[in-house]
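A, B, ... follow the sequence lines: proteins, then strands. Residue 1 opens every chain.
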Amino acid sequence: MSPSRHSGYVPQDIEPKWQKVWAERGVMKAADDSPKPKYYDLVMYPYPSGDLTVGHARNYVMGDVLARMKRMQGFEVLHPFGWDAFGLPAENAAIKRGGMHPEAWTLGNIAKATRELKMLGILYDWDREVTTCLPDYYKWNQWLFILFYERGLAYRAMAPVNWCPVDKTVLANEQVINGRCWRHPDVEVEKRDLEQWFFKITDYADRLLDDLKLLDQWPAKVRLMQTNWIGRSSGAEVDFAIDGLKDESIRVYTTRPDTLFGATFMVLAPEHPLLDRIVSDRQRAAVREYVARARKASDIERLSTEREKTGVATGAFAINPVNGEKIPIWVADYVLMTYGTGAIMAVPAHDERDFEFAERFGLPIREVIAPAGGSSPGRELRAAYVGPGVMVNSGEFDGLDAVTGIERVIAWLDAKGLGKRAVKFRLRDWLISRQRYWGTPIPMVYCDEDGIVPVPLPELPVVLPKEYKPLSENPEFFRTTCPVCGRAARRETDTMDTFVDSSWYFLRYASPQDAAEPFDSELANHWMAVDQYTGGVEHAILHLLYSRFFIKVLFDAGMLKVSEPFVRLFNQGMVKRFGQVMSKSAGNGVSPDELVSQQGADAGRIYEMFIGPPEEDVEWTDAGLNGVVRFLQRVWRLVLEPESIVVEGHDADGALLERKAAQTVKKVTEHFDELRFNTAVAALMELANAMQSHLQNGGERDATWNSTVRVLVKLLNPLAPHVCEEMWEKLGESGMLADAPWPEYDADAAAVPEVTVVVQVAGKLRDRLTLPVGTPEETVLAAALASERVRAQFNGRRPSKVVFVPDRLINLVP
RNA sequence: GUCGGCGUGGCGGAAUGGCAGACGCGCCAGCCUUAGGAGCUGGUGUCCGAAAGGGCGUGGAGGUUCGAAUCCUCUCGCCGACACCA
């Protein structure tokens with residue numbers, strides 16, 4: 001369907017015209033020194049995959065609609081854009097295209113996507129564009145890395161990695177498919193221990209958790225996901241002596257110190273350092289074999305909860321500190337070395353996993369928490385009881401409520417020096433090393449004399465060599481001299497996780513050309529925090545957590561005054577077509593190019609917003625798009641060719657139209673602010689329908705009409721800026737619509753006169769009804785009837801009176 | 001398994017305690033047209049009825065309330081996140 005045939009509305013003519021005007025006038029530029037209040041409107045910057053579809057564009061349209069409204073409302077809007085340009089796909093594409101450099105592929109995609117975004121009329125302040133693969137940007141990744149290092153937040157440690165023995169390279173988790181290499185489906189991935197760089201995010205675990213309370217404009221779901229990810233638990237660490245070994249003890253962590261008397265065995269993780277020392281000669285061979293098997297098991301096997309528990313007795317015994325009991329020590333892979341102390345006291349009566357293990361290996365189960373009133377001595381447990389109850393079989397603690405018991409037992413342990421209160425987190429430190437070419441080189445040097453030495457700041461950036469091959473195989477890159485002693489030394493050849501790039505890019509937008517530091521503190525403090533951050537829910541945990549971490553570190557370093565980066569967060573849904581997420585590679589993509597050349601950018605923008613609730617996944621259909629084209633044609637006719645509308649009646653009501661316009665101002669303003677774009681579009685369609693009825697019913701094109709026309713054009717402008725700008729000009733208005741003030745909400749004009757009706761039964765107040773009073777008699781009647789029906793149905797009585805509040809009282813039923 | 005979300009016409013969805021189905025798609029009828037995959041007008045939850053009118057209706061069952069798609073309990077179904085975190 002072509003929109004051009006039945007009105008003067010030809011998007012292909014007007015859209016390029018206005019895009020050029022906006023660019024010339026610089027309406028999208030954010031002034032650092034503006035007296036207006038600032039508004040920082042940010043969409044998550046994309047990976048330039050070369051796959052830009054109207055699906056991704058939906059996101060950017062949302063950001064643009066908000067930016068355009070905020071500008072009209074008198075805010076100085078910062079609406080920048082950039083590219084998450086390092087990363088694996090560029091390397092894969094380069095390999096696939098034999099010989100193409102990742103940089104050429106990436107920059108080519110960026111150029112293409114930029115053109116398409118402009119074509120949709122999305123206005124970014126391109127002067128502030130950030131591209132993370134350019135030395136101008138990644139220099140500051142290196143600078144920040146050294147800052148973290150100097151603050152004790154970057155450290156090196158051994159960590160297991162996925163290793164492909166054929167490619168002799170480390171694989172990302174996503175490149176391991178069913179325990180095998182993605183490029184060699186018949187080759188099993190090995191676990192190797194390598195020295196890796198970590199950021200100490202766990203130092204900030206408490207603050208990252210506590211400050212979630214400040215983020216009241218984030219989706220509850222994301223806050224919950226972060227809470228679970230950080231996973232704070234509190235309990236106690238308890239030392240168990242080892243039978244026959246005087247100088248060693250094993251420390252366990254438990255959240256249930258109240259069940260200490262029910263510990264009937266102990267379990268160590270296969271990697272536990274003391275395992276080798278305590279194991280009995282008799283069990284040594286079996287334990288060795290078990291540990292070797294556990295190491296080899298793939299993550300998938302080991303993590304499966306379906307799998308039956310496995311384990312081996314060590315032959316050693318621990319002494320339960322509360323009662324001196326000797327309990328066997330086992331080794332089993334359901335205990336993780338990476339959480340707590342790598343050792344647990346097993347209380348099968350009150351822990352499901354321990355129960356399962358005890359059943360399997362015939363270990364004793366002793367009840368120490370009895371459900372209230374349910375304690376019968378010697379009763380047999382059929383499953384672990386994890387509910388509330390009273391301590392039993394627990395010596396001096398018998399009879400205590402379990403919750404109180406936790407505190408008492410901790411105090412008791414503390415007093416005797418056997419244990420203490422402890423808090424543990426599920427969150428682990430952030431492993432940032434990547435054995436990849438296409439990323440930010442980690443700016444460190446290894447010297448035989450001086451050890452690990454950061455590259456001096458004036459020597460940054462450590463530039464990625466042009467030649468595309470692994471850095472560890474590129475002597476020109478890794479051969480260097482020690483910044484301290486000047487002797488030959490070796491550079492770090494790992495690059496950084498690209499999540500480092502994205503953890504602070506929104507700060508760089510504040511001073512994108514700053515050559516002295518990653519960002520200008522004063523400007524960053526001016527623009528931060530981000531008022532609206534929009535992006536996919538797939539980043540609910542990592543990107544958002546890492547960014548929050550970065551901001552807190554920079555806050556502590558005195559470089560920022562805000563301690564949280566994003567005030568309001570929104571996660572939009574995905575666009576599907578033929579039931580699948582839209583993408584070029586899936587063959588179901590619609591490109592902005594196609595959309596703009598067929599229906600125009602404005603129709604496409606409105607459709608993107610009208611297609612469904614912004615947080616939901618939506619299905620793209622061509623038929624739905626046609627409805628929006630019709631709407632724009634109708635608007636064009638109403639605004640510029642009203643005489644073409646056939647008059648069929650003579651009962652138009654100017655007051656009604658005025659009220660509708662005022663109500664629409666309120667609705668659209670609120671819905672845009674709340675990002676409920678679909679209902680905002682519906683409200684605008686209602687207004688257009690009301691205007692059309694008005695003319696058809698013989699309404700005058702008087703002052704009310706003219707102001708309604710201007711309200712419609714302004715409210716529609718953020719969604720369909722090209723056509724609105726054109727209509728604005730044709731209406732003979734001076735100045736650009738982009739700078740025109742947003743319509744004022746006139747509450748008086750919008751108010752539907754209301755009255756509160758109080759229905760009384762037998763003199764007692766029973767009901768209040770607030771109702772619009774258009775024609776008073778009808779309204780009263782409607783209210784009364786509704787109430788009467790209710791009374792009749794419910795208790796057979798009828799209302800005796802209807803009371804108008806405040807000033808009238810009438811009898812309804814004689 | 002645990003946690004969270006969602007169930008409304010032929011379809012996408014409105015309505016967050018007050019006339020269920022706004023708005024749009026699709027469909028039906030009519031107008032206009034040489035023509036229509038355009039435009040305009042009217043209709044379109046379901047059942048009874050020629051109509052006026054009325055009955056039923058928000059996955060299911062109960063409950064709270066004068067009043068429930070909306071709040072509570074249970075249940076069924078779908079989707080998402082986490083997944084042995086002691």
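The nearest heavy atom of RNA chain B to Ala343(A) and to Lys221(A) marks one nucleotide each, and the one closer to the 5' end goes with Lys221(A). Annotation: of the two residues near RNA chain B, Ile344(A) and Thr621(A), the 5′-most nearest-nucleotide partner is Thr621(A).
Side-chain N or O atoms of Asp239(A) include none that pairs as donor or acceptor with a backbone N or O of Gly419(A) at under 3.5 Å.
In a base pair of the Watson-Crick type (N1 to N3 plus N6-O4 or O6-N4) or a G-U wobble (N1-O2 and O6-N3), with each distance short of 3.5 Å, A35(B) is matched with no nucleotide. Base pairing of U65(B) is not made with any nucleotide, judged by Watson-Crick or G-U wobble geometry with both donor-acceptor distances under 3.5 Å. Across all strands shown, A52(B) forms no Watson-Crick or G-U wobble pair with both distances under 3.5 Å. Under the Watson-Crick or G-U wobble criterion, with both distances below 3.5 Å, U41(B) is paired with A29(B). Nucleotide C3(B) forms a Watson-Crick or G-U wobble pair with G80(B), both donor-acceptor distances falling under 3.5 Å. Pairing for A86(B) is absent, with no Watson-Crick or G-U wobble pair whose two atom distances lie under 3.5 Å. As the counterpart of G12(B), C23(B) is assigned, both hydrogen-bonding distances of the Watson-Crick or G-U wobble pattern falling under 3.5 Å.
In this structure, Leu268(A) atom CG and A86(B) atom P are separated by 18 Å, rounded to whole Å. The nearest whole Å value for the distance from the CG atom in Leu545(A) to the C1' atom in A81(B) is 15 Å. When the C1' atom of U2(B) is taken as reference, atom CG of Asp351(A) falls 14 Å away, rounded to whole Å. Atom CD1 in Ile230(A) sits roughly 15 Å away from atom P in C82(B) (whole-Å rounding). Distance CD (Glu538(A)) to P (C82(B)): 12 Å, rounded to an integer number of Å. Regarding Asp333(A), its CG atom lies at a distance of 15 Å from the C1' atom of A83(B), rounded to whole Å. Rounded to whole Å, atom P of G1(B) lies 18 Å from atom CG of Asn228(A). Between Ile541(A) atom CD1 and G4(B) atom C1' the separation is 12 Å, expressed in whole Å.
The side chain of Arg630(A) sits closest to G26(B) out of A86(B), A15(B), G26(B). For Asn689(A), the listed nucleotide lying nearest its side chain is G24(B); candidates were A15(B), G24(B), G26(B). Between A86(B), C23(B), C3(B), one nucleotide has an atom nearer to the side chain of Tyr253(A) than all others, and that is A86(B). Candidate nucleotides C84(B), C40(B), A86(B) were compared by shortest atom distance to the side chain of Arg637(A), and C40(B) ranks first. With distances taken from any side-chain atom of Leu224(A) to the nucleotides C25(B), C23(B), G4(B), the minimum falls on G4(B). Comparing G24(B), C25(B), A86(B) by their nearest atom to the side chain of Thr254(A) picks out A86(B). Distance from the side chain of Trp229(A) is smallest to A83(B) among A22(B), A83(B), C25(B). In the set C3(B), A86(B), C23(B), C23(B) carries the atom at the smallest distance from any side-chain atom of Phe610(A). The side chain of Thr255(A) lies closest to A86(B), out of A14(B), A86(B), G39(B).
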Between N or O atoms, less than 3.5 Å apart, protein on one side and nucleotides 41-44 of chain B on the other: list the pairs.
residue	atom	partner	partner atom	Å
U41(B)	OP1	Gln692(A)	NE2	3.1
U41(B)	OP1	Gln696(A)	OE1	3.3
U41(B)	OP1	Gln696(A)	NE2	2.4

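Rounded to whole Å, the separation between the P atoms of A15(B) and A51(B) comes to 34 Å. Here, A29(B) and C79(B) have their P atoms 39 Å apart, quoted to the whole Å. Separation of the P atoms belonging to A50(B) and A35(B) is 37 Å when rounded to the nearest angstrom. A distance of about 24 Å separates the C1' atoms of C71(B) and C56(B), rounded to the whole Å. C31(B) and G18(B): their P atoms are spaced 43 Å apart (whole Å). With both ends at atom C1', the span from U41(B) to C48(B) equals 29 Å, rounded to whole Å. Only the P atoms considered, C32(B) is 39 Å distant from A14(B), to the nearest whole Å. Spacing of P atoms, G24(B) relative to C76(B), comes out at 40 Å, to the nearest Å.
For Trp430(A) and Tyr546(A), the gap between ring centers is short of 6.0 Å.
Counting any heavy atom pair closer than 4.0 Å across all strands shown, Ser233(A) reaches sugar-phosphate atoms only and no base atom. Note on Ile611(A): only backbone sugar-phosphate atoms sit closer than 4.0 angstrom, heavy atoms only; bases stay farther off. Residue contacts for Arg223(A): at a heavy-atom cut-off of 4.0 Å it reaches no nucleic acid atom on any strand shown.
Within the 4.5 Å cutoff, the side chain of Val54(A) has heavy atoms near those of the Met582(A) side chain. For the pair Met609(A)/Arg605(A), no side-chain contact is recorded, criterion being any heavy-atom separation below 4.5 Å from C-beta on.
Under the 6.0 Å distance and 45° angle rule, Lys309(A) does not count as a cation-pi partner of Phe357(A).
Between Tyr385(A) and His350(A), the two ring planes are perpendicular [angle over 60°; tilted spans 30° to 60°].
A salt bridge does not link Glu615(A) with Lys221(A): every distance from a Lys NZ or Arg NE/NH1/NH2 to an Asp or Glu carboxylate oxygen is 4.0 Å or more. One finds no salt bridge joining Arg360(A) and Glu356(A) here, because no Lys/Arg side-chain nitrogen approaches an Asp/Glu carboxylate oxygen to under 4.0 Å. A salt bridge links Lys424(A) and Glu237(A); the closest N-O separation between the charged side-chain nitrogens and carboxylate oxygens is under 4.0 Å. With salt bridges taken as basic N to acidic carboxylate O contacts below 4.0 Å, none links Glu641(A) and Arg634(A). One finds a salt bridge joining Glu686(A) and Lys667(A) here, because a Lys/Arg side-chain nitrogen approaches an Asp/Glu carboxylate oxygen to under 4.0 Å.
Regarding contacts with the backbone of U2(B), every side-chain N or O of Arg426(A) stays at 4.0 angstrom or more from both OP1 and OP2. Look at Asn678(A) and you won't find any side-chain N or O under 4.0 angstrom from OP1 or OP2 of C23(B). Between A86(B) and Tyr334(A), no contact under 4.0 Å exists linking OP1 or OP2 to a side-chain N or O.
For G12(B), the glycosidic angle deviates from 0 by more than 90°, giving an anti base.
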